[in-house]
> 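One structure is given below, represented as structure tokens, and several questions about it will come after.
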Amino acid sequence: MPVTHPDTPPPIVSANGRATLEVRDLQFAYPDGQQALKGVSLEMAAGEKVALVGPNGAGKSTLMLHLNGLLHGAGEIEVAGLPVVKANFPVIRATVGMVFQNPDDQLFSPTVFEDVAFGPLHMGFPEAEVRQRVVAALTAVGMAAHSSRLSHHLSIGQKKRVAIATVLAMSPEILVLDEPSAGLDPRGRRQLINLLRDLPLTMLVSTHDMLLVQELFPRMVIMDEGRIVADGATAVLLHDVALLEAHGLEAVIGSR
Ligand SMILES: Nc1ncnc2c1ncn2[C@@H]1O[C@H](COP(=O)(O)OP(=O)(O)O)[C@@H](O)[C@H]1O
Ligand SMILES: [Mg+2]
């Protein structure tokens, strides 16, 4: 393994590592008939960081699973100008890095190294580059010292960081994170905030953590019952206590 220097910024994100995202009138029902998305439209500029909030069952995860074609509803989705259709899945899945809420859904190899190497290996990179990508991605999430550990022995916070590394190793242009701070202790949460702040990627992050929203995301989108009910500047929406309460969200203004 090459020696890593924690101070050196990892060469993980290319200079043009950003892409736009556009969702138009997306509707989706699960096979049991549950209508989870009832006409969702959302545009994100390249490099924009957007928080996706709303009560449990609002449709946040369902929306996210559409962004790289894991679910397919009615309506249109474009990633970096490319429609999310089967023919484009290889490019789309390299462009959109999807981190699931539960890291156990993302980590399935024996060791941390193998988990992070899986994506780049399957993208066909030569072994030396795979190795370099794994080291850079683990360094970016502060887990370089743990590459030979068994993934299932890690703490929840460490698993979450490795799950993020598995997608960073593929140099995504859009990062989609489903409740990344849930279950983290204060230090893990702080490390996550610093990591996300420093990553110059287009980012859509679902969360119940309103302090995280306030600190990291200039724009927030509120979903409830399968619809977007508000989309605007975080600084404005976080002051709208009636709006927040109507959608089961905590007002945090004034607490810091
Ligand atoms: N696999 C599934 N089968 C049927 N209904 C589901 C499934 N997953 C989620 N749902 C339903 O879809 C709606 C949206 O869920 P979800 O996208 O998980 O919301 P959120 O991520 O905002 O909590 C909810 O009513 C939920 O019960
Ligand atoms: Mg969810």
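Side chains included, hydrogens not; waters and symmetry mates left out as well; all remaining heavy atoms used. Ligands are counted one by one from 1 in listed order, and the atoms in each one are counted from 1 as well. Nothing here was measured: the structure is a model prediction, and the numbers come from that model.
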> Given the protein's heavy atoms, is any one of them under 4.0 Å from atom 26 (C) of ligand 1?
no

> Going by an N to O cut-off under 4.0 Å, is there a salt bridge joining E215 and R190?
yes

> As a test of understanding, state which of I174, L196, L168 forms a side chain to side chain contact (heavy atoms under 4.5 Å, CB included) with L201.
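The option that passes is L168.
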
> Should G59 be listed as contacting ligand 1, given a heavy-atom distance under 4.0 Å as the test?
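Yes; G59 lies near enough to ligand 1 that a heavy-atom distance drops under 4.0 Å.
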
> Nearest to atom 23 (O) of ligand 1, what protein heavy atom do you find, and at what distance?
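It is G57 N, 2.7 Å.
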
> Could you list the atoms of ligand 1 found under 4.0 angstrom from a heavy atom of S61?
17 (O), 18 (O), 20 (P), 21 (O)

> Which is it for P55 and ligand 1 at heavy atoms under 4.0 Å: side chain, backbone, both or neither?
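Only the backbone of P55 comes within reach of ligand 1.
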
> Please classify the T62 to ligand 1 contact at 4.0 Å (heavy-atom distances, strictly less than): side chain, backbone, both or neither.
both

> Just checking: S61, one of its N/O/S atoms, less than 2.8 Å away from the Mg ion (ligand 2), yes or no?
yes

> Tell me, which protein residue and heavy-atom name are nearest atom 6 (C) of ligand 1, and how many Å apart are they?
Y30 CD1, 3.2 Å

> Does A36 reach ligand 1 with a nitrogen or oxygen that is under 3.5 Å from one of the ligand's nitrogen or oxygen atoms?
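Min N/O separation from ligand 1 is not below 3.5 Å for A36.
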
> Do D104 and H152 have side-chain N/O donor and acceptor atoms under 3.5 Å apart?
no

> Just by modelled atom types, is the D209 backbone N or O under 3.5 Å from a matching donor or acceptor in the T207 side chain?
yes

> Show me which atoms of ligand 1 lie under 4.0 Å from any heavy atom of A58.
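Counting from 1, the qualifying ligand atoms are 19 (O), 20 (P), 22 (O).
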
> Under 3.5 Å between any N/O of N56 and any N/O of ligand 1: does that happen in this structure?
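No, there is no polar N/O contact under 3.5 Å.
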
> Are the side chains of K159 and Q106 in contact, using a 4.5 Å heavy-atom criterion?
no

> Between R24 and E22, does any side-chain N to carboxylate O distance fall below 4.0 Å?
yes

> Are more than 12 heavy atoms, taken from residues, nucleotides or ligands other than E225, located less than 6.0 Å from that residue's CD atom?
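It does not: E225 CD has 12 such atoms or fewer within range.
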
> Does a side-chain N-to-carboxylate-O contact under 4.0 Å join K60 and D178?
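Salt bridge between K60 and D178, a charged N being under 4.0 Å from a carboxylate O: no.
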
> I need the nearest protein heavy-atom contact for atom 11 (C) of ligand 1: residue, atom name and distance, please.
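Nearest neighbour among protein heavy atoms for atom 11 (C) of ligand 1, to 0.1 Å: Q34 CG, 3.6 Å.
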
